[in-house]
Amino acid sequence: MKKSPADVPPKPSVQVLERMFQLIDVLASREEAISLKEISEKTGLHPSTTHRILNDLTIGRFVDRPEAGSYRLGMRLLELGNLVKARLSVRDAALAPMRQLHKLIQQPVNLSVRQGDEIVYIERTYSERSGMQVVRAIGGHAPLHLTSTGKLFLAADDPQRVRAYATRTGLPGHTRNSITQLPLLERELGRARQQGIAHDNEELELGVRCMAAGVFDDQGQLVAGLSISAPADRLDEGWQPKLQAAAQDISRALGYTAGLRTVLNRPAQ
C-alpha cells in the first residue's frame, strides 16, 4: 500500500539532527582539534555533508575552527552547560526552603534567574488558598526593571550597565505604577542595594506586589532571586526576615559564606 505524504515522517530534519549529534560526539572524544577528513571518516558522512553541518555549528559557536580544516567543541556548549548546571543546582537547593517559607506565609514563593534583560521563573511553591489570581508559570519571563528579583540583578550591576539596559530596553511600563524613568529606577536600585531587599509595587501586574531577596553562590555572586508574591493589600513587610532567612539557607547550600562580600553590598560607582 502506497503511503500518503502525511504518513511519511520528516526524515531530512531528523537526519540533520542525528548527524549533528554524531559530529559533536566525535569532537567530544578528543581534546585537540580534529581534521575534517578524520571527522568524516569516523562518522561515515560525506566530507561535503560534514563540512556543511560543521559550518552551521561554527556559526552558532557550538563548534570552533582554530585553523582551516580542523574543528573542536565551541564555547557555546560550555556556556549552556554552565547555565543548566547553575539552574539545576539552585533549584535543587531551593525546594526545601521554598516549601518551608510557603508553609509560614501561605503565599506564592518564586525562584527566578536572570536571562539577558529578563528574569525567568524556574520554580514556584503555592497553594490554591493563596488568593492569587495571576500566576506566573515556571518558564515565564518578565523585564528586569518591573520585577523585584530583576531589580536585585540590576542593583548588582554597575551604573554604566544599568544605563545601557535602560537605553537598550527603553524601560517600557506594564501598569501605571511601572518605573519608566532612569533616575527613578536608579533611586529604587539604591534602596535595594542598601536593604538587600527589592520590591515590585504593582509594577508588573496591578493587584500584585512582590518582595525579593538575593541568592548567592560560593563566589558571592548573585545567581537567583527568591520572591514572595501576594495580593497588593496583603503583602506583609514583616515577612522580610523570613524571606531573607530562606534565601540565606539556599545560599549556604550553594557554598556561600557570610564572610564573602556580595555584589549587592558593594557601593555604587
Side-chain angles (χ1 to χ4, degrees), residues 56-64 73-94 110-124 134-175 177-186 188-190 192-193 196-200 203-205 208 210-217 219-227 229 247 250-251 254 262-264 266 268-269:
D56 290 342
L57 290 170
T58 300
I59 293 173
R61 294 174 53 238
F62 293 98
V63 169
D64 285 339
L73 293 181
M75 292 299 295
R76 183 61 178 155
L77 288 171
L78 177 63
E79 293 168 1
L80 292 175
N82 285 337
L83 183 62
V84 170
K85 179 183 176 182
R87 288 182 182 176
L88 289 176
S89 61
V90 170
R91 183 177 177 274
D92 290 344
N110 318 288
L111 185 69
S112 312
V113 297
R114 181 175 186 170
Q115 185 171 297
D117 290 338
E118 298 180 314
I119 62 158
V120 177
Y121 297 86
I122 62 172
E123 190 52 78
R124 158 158 293 178
V134 180
V135 176
R136 291 266 157 181
I138 295 174
H141 51 87
L144 295 175
H145 67 288
L146 299 181
T147 61
S148 54
T149 291
K151 289 175 186 176
L152 290 178
F153 279 102
L154 287 174
D157 279 344
D158 59 47
Q160 291 80 9
R161 288 182 179 272
V162 174
R163 287 192 286 270
Y165 167 83
T167 300
R168 188 166 59 248
T169 64
L171 299 180
H174 282 204
T175 75
N177 291 349
S178 299
I179 295 176
T180 58
Q181 301 296 321
L182 180 58
L184 295 178
L185 178 61
E186 289 175 329
E188 181 86 353
L189 299 182
R193 200 176 291 115
I197 289 280
H199 291 79
D200 159 17
E203 297 161 53
L204 182 64
E205 298 167 355
V208 179
C210 305
M211 64 171 72
V215 173
F216 302 91
D217 65 10
Q219 301 300 310
Q221 296 297 310
L222 180 67
V223 293
L226 187 70
S227 63
S229 305
I250 301 169
S251 298
L254 296 175
T262 66
V263 289
L264 288 182
R266 68 189 181 199
Q269 299 172 356

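Side chains included, hydrogens not; waters and symmetry mates left out as well; all remaining heavy atoms used. The structure presented is a predicted model; accordingly, all values stated were derived computationally and were not measured.
The side-chain hydrogen bond (donor to acceptor under 3.5 Å, both in side chains) check on R76 picks up E79, with sequence neighbours excluded. With sequence neighbours excluded, no residue satisfies salt bridge (Lys or Arg N to Asp or Glu O under 4.0 Å) with E118.
Annotation: the span from L57 atom CG to L77 atom CG amounts to 8.5 Å, rounded to 0.5 Å. Here the straight-line distance linking atom CG of D64 with atom OG1 of T58 works out to 7.5 Å at 0.5 Å rounding. In this structure, the separation between CG on D200 and OG on S178 is 8.0 Å, given to the nearest 0.5 Å. To the nearest 0.5 Å, the span separating CD on E203 from OG1 on T175 amounts to 7.0 Å. In this structure, L226 CG and S148 OG are separated by 9.5 Å, a value rounded to the nearest 0.5 Å.
Contact detail for A224 and L111: the closest heavy-atom pair is CB-CD1, 4.0 Å. Closest approach of L204 to A142, counting heavy atoms only: CD2-CB, 3.9 Å. What you find for V223 and V113 is that their closest heavy atoms are O-CG1, 3.5 Å. The minimum heavy-atom distance linking L152 with G196 is given by the pair CD2-O, 4.3 Å. Residue L222 comes nearest to A156 through the heavy atom pair CD2-CB, 4.2 Å, listed as atom of the first residue, atom of the second, then distance. Taking each heavy atom of L171 and Y165 in turn, the nearest pair found is CD2-CE2, 3.7 Å.
For the salt bridge (Lys or Arg N to Asp or Glu O under 4.0 Å) with D157, the qualifying choice from K151, R114, R163 is R114, the only one to do so.
H145 contributes a side-chain N or O that, together with a main-chain N or O of P172, makes up a donor-acceptor pair within less than 3.5 Å. Using a distance-only test at 3.5 Å, with no hydrogens or angles considered, no donor-acceptor pair links the side chain of S251 to the main chain of V215. Looking only at distances, no side-chain donor or acceptor of R61 sits under 3.5 Å from a matching main-chain atom of G74.
Side-chain contact check for C210 versus T147: every heavy-atom pair is 4.5 Å or farther apart. Looking at heavy atoms from C-beta onward, F153 lies out of side-chain contact with S112 at the 4.5 angstrom threshold.
Between the side chains of S227 and N110, at least one donor N or O sits under 3.5 Å from an acceptor N or O.
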Check against side chain to side chain contact (heavy atoms under 4.5 Å, CB included), T149 and Y121: CA-CA 10 Å; T149 291; Y121 297 86; over 6 Å; no
Given H199 and I197, is the side chain to side chain contact (heavy atoms under 4.5 Å, CB included) satisfied, shown in steps? CA-CA 7 Å; H199 291 79; I197 289 280; 3.5 Å; yes
